[in-house]
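Worksheet: one structure, shown below.
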There are 2 protein chains.
Amino acid sequence: MGAGKTVTGKTVASPARDPDRKVKSDVTRQKVLTAAARLFSERGFAGATMRDIAAAADMRAGSLYYHFPSKTDLIEVVLDHGVLHVSTAVEQAMAALPPSTSCRARIRVAIAAHLDSILQNGAFASLSRHLQAQVPDEIRRRHVERRDAYSAFWLDLLQAAVDAGEIRADLDIRLTRTFLLGALNAALDWYRPDGKPVETLAEEFTAILGEGMFVPVPPAR
Amino acid sequence: MGAGKTVTGKTVASPARDPDRKVKSDVTRQKVLTAAARLFSERGFAGATMRDIAAAADMRAGSLYYHFPSKTDLIEVVLDHGVLHVSTAVEQAMAALPPSTSCRARIRVAIAAHLDSILQNGAFASLSRHLQAQVPDEIRRRHVERRDAYSAFWLDLLQAAVDAGEIRADLDIRLTRTFLLGALNAALDWYRPDGKPVETLAEEFTAILGEGMFVPVPPAR
DNA sequence: GTCTATAAGTCGATAGAC
DNA sequence: GTCTATCGACTTATAGAC
């Protein structure tokens, strides 16, 4: 697993020989990223200091600059790590489905995968929501591009369902997509691990979104 | 209008005499609050400096301390101003409905009022979502209490609909409430004034949430 | 790779003139 | 009520020892 994985930021040439080379550096790097994700999401971009982040990763502030050239570069990597994790998880869940799977079922699976991924990786995922606006302009611009790519996947998924006649054709699917993702991501703000398991949550979300909360009234005939 | 309105924070005794007294101070105070809301939501709590906020209100940093004892006090007022505005707007919209109004219609109206209020007051409203986590512990604790009070209104509204048989009884209404508010508040992240008018948005949101996005399948009979 | 020490700048907040 | 001037603490980032 992950033997030749490309970590955002540094471009690693090839993992060909020496299976254990430069692993030590990557372990530290990952520890810094995890600490940074937590502190950025708790205190904001300006509020989380390099000293805080270093301390949370058992280091001193100066040492961070061996791994990341600046605070700005650090948060860009953390930010992208978040969307990358979610989109990868959802893509894999979709790829595992048999080709004959209905659009309804695909949407159910995508909701569950998205929810599972963001809740399991809370700090990284919530960054994009909570302090996307706080980072320098260029960082934000690039991040939004990467986010939009994932968002496009959902639009395709919903459009396919409309074409298959499984979603009501009178809906604005762009709006539906935004509404759906907004509702799912909001779970980051309130979900606590001691509550319902994520699978249950995904089922109930799909039920509300799919069938609606009102009791159906038969079209007066 | 608003002659005797109670501004959060300072307790104003009575507006009895002198209709123009101490109005000058309140105008400045309001200008500071508006500037602070915008900058806090753009840059976070730590990222928006007192110098920035003062400049946006055409003042110098030192002058802010005549109106607010500290940066912490300032953001608490801004934060509360946000939820107060929304809950007031929704309460008024509900109060204007005839007593015979169905639960469905009440929910529709509440959604429209909530959406209208947060979108018209974006900077104030988004604070609670985006940097609630960045403020000192005690400020956050107090703010969450005020937020919960508004949230309780929605639970009552949904519960009444269940009792009236207008919402499917198999739903977890606490979860439904959270889901609904999450989806509505997410509009703060993407809504642009040049898009659909808020009324249209509210109708489509209610349609998705109320009737669901899937085309109904008749229960195989 | 990580440390210490420090440069150069900014922060919140206060004091006192006007 | 708003200003200027300033204090002390804290910030990102760098330099060089180990």
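Letters A, B, ... are given to chains in the order of the sequence lines, protein chains preceding strands, and every chain is numbered from 1. If you're wondering where the values come from, they're calculated on a predicted model, not measured in any experiment.
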Practice task
Please work out which of the three classes, parallel, tilted or perpendicular, describes the rings of B:W154 and B:Y150, given edges at 30° and 60°.
Solution key: perpendicular
Completion exercise
Taken in chain and number order and not counting sequence neighbours, the residues that satisfy salt bridge (charged side-chain N to carboxylate O under 4.0 Å, His left out) with B:R146 are B:E76, B:D80
Exercise for the section: Only counting residues at least two apart or in another chain, list the ones meeting salt bridge (charged side-chain N to carboxylate O under 4.0 Å, His left out) with B:R140. Expected result: B:D137
Practice task
For A:D52 and D:dC10, give me the distance from atom CG to atom C1', rounded to whole Å.
Solution key: 11 Å
Practice task
Verify the contact: side-chain N or O of A:T28 to OP1 or OP2 of C:dG1, cut-off strictly under 4.0 Å; return yes or no.
Solution key: no
Exercise for the section: Return the nearest nucleotide to the side chain of A:Y66; candidates are C:dG12, C:dG1, D:dT2. Expected result: C:dG1
Restricting both atoms to N or O, compile the protein contacts to nucleotides 3-7 of chain D shorter than 3.5 Å, with distance only.
{"unit_1": "D:dC3", "atom_1": "OP2", "unit_2": "B:R60", "atom_2": "N", "d": "2.8"}
{"unit_1": "D:dC3", "atom_1": "OP2", "unit_2": "B:S63", "atom_2": "OG", "d": "2.7"}
{"unit_1": "D:dT4", "atom_1": "OP2", "unit_2": "B:R60", "atom_2": "NH1", "d": "2.9"}

Problem - Short side-chain N/O contact to C:dA13 OP1/OP2 from B:Y65, under 4.0 Å - result: yes
Exercise for the section: Answer with base, sugar-phosphate or nothing: what part of the nucleic acid does B:A48 contact at a heavy-atom distance below 4.0 Å? Expected result: sugar-phosphate
Exercise for the section: Grab the CE-P distance between A:M50 and D:dT12 for me, whole Å please. Expected result: 7 Å
Fill in the blank from the handout: Atom CZ of B:F68 and atom P of C:dG12 are separated, to the nearest Å, by 15 Å
Exercise for the section: Name all pairs fulfilling the salt bridge (Lys or Arg N to Asp or Glu O under 4.0 Å) condition that reach into residues 178-202 of chain A, sequence neighbours left out, sorted by first residue then second. Expected result: A:R129-A:D189, A:K196-A:E204, A:K196-B:D172
Handout entry: Qualifying salt bridge (Lys or Arg N to Asp or Glu O under 4.0 Å) pairs, either residue in residues 48-63 of chain A, two or more places apart
Key = A:R43-A:D52
Problem - salt bridge (charged side-chain N to carboxylate O under 4.0 Å, His left out) partners for A:E91, two or more places apart - result: none
Problem - Between P of C:dT4 and CG of A:L64, the distance in whole Å - result: 13 Å
Handout entry: Whole-Å gap separating P (C:dA13) and CD1 (B:I75)
Key = 12 Å
Practice task
From the options C:dG1, C:dC11, D:dA13, select the nucleotide whose nearest atom is closest to the side chain of A:K71.
Solution key: D:dA13
Practice task
Taking all heavy atoms of A:A36 and all of A:V78, pick out the closest pair and write down the distance.
Solution key: CB-CG2, 4.0 Å
Practice task
Can you tell me the distance, in whole Å, between the CZ atom of A:R29 and the P atom of C:dG1?
Solution key: 12 Å
Problem - Which nucleotide in C:dA13, C:dC11, C:dT2 has an atom nearest any side-chain atom of B:S70 - result: C:dA13
